Amino acid sequence: MKVSNFTSNNGNKIANQFLITEKNKQTFQSYKSIIAVKNYKTQKTYLDEYYWDYSITTGKYRNQFLGEGISETRKKIESGEYKLKNLNK
């Protein structure tokens, strides 16, 4: 497992915004909360049902993690492509 900070456009590490890389998945963690998980083995993406749209800062790095804007994310949730789940139990 590898844990790294997100980086700014200037290449500076962003405090409290983490990318966790494992063999078959990547996880975005903001502070102590898991926001999203991409499982490459199952080809599924999960968003935390409470924290996925928690704040502007979380949204900024969630968008970076997913490679899309909020409207596209909402459409994928509505279509079932992304699953909402409690990732912080």
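Because the structure is predicted, anything quoted here is derived from the model rather than measured. Computation of the quantities below employed the complete heavy-atom set of this structure, encompassing side-chain atoms and omitting hydrogens, waters and symmetry-equivalent molecules.
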Is any side-chain heavy atom of [X] less than 4.5 Å from a side-chain heavy atom of [Y]?
X	Y	answer
Q64	Q17	no
Y82	L66	yes
T45	E81	no
T73	W52	yes

dist E49:CD -> N88:CG (nearest 0.5 Å) comes out at 9.5 Å

One should read off an interatomic distance between Y50 OH and L87 CG, to the nearest 0.5 angstrom, of 14.5 Å

Cluster question for you: counting only ILVMFWY and a side-chain heavy-atom cut-off of under 4.5 Å, with indirect links fine, are [X] and [Y] together?
X	Y	result
I20	Y31	no
Y54	F65	yes
L19	V37	no
F28	V3	no

* Between N5 and I14, is there a donor-acceptor pair closer than 3.5 Å when you use the side chain of the first and the backbone of the second? -> yes

Next on the checklist: I'd like to know if the side chain of N24 reaches the main chain of Y40, judged simply by a donor and an acceptor atom lying under 3.5 Å from each other, with no hydrogens or angles considered.
Outcome noted: no

When L47, D53, D48 are each screened for side chain to side chain contact (heavy atoms under 4.5 Å, CB included) with Y51, the one that passes is D48

Please check if atom NZ in K38 has more than 12 non-hydrogen atoms from other residues, nucleotides or ligands closer than 6.0 Å.
yes

Q: State whether the number of non-hydrogen atoms from other residues, nucleotides or ligands found under 6.0 Å of K85 atom NZ is greater than 12.
A: no

The side chain to side chain contact (heavy atoms under 4.5 Å, CB included) partners of K75 (sequence neighbours excluded) come to none

Looking only at heavy atoms, the pair that brings K32 and Q29 closest together is CA-NE2, 3.8 Å

Closest heavy-atom pair, K76 versus S79, reported as atoms and distance to 0.1 Å, is O-OG, 3.2 Å

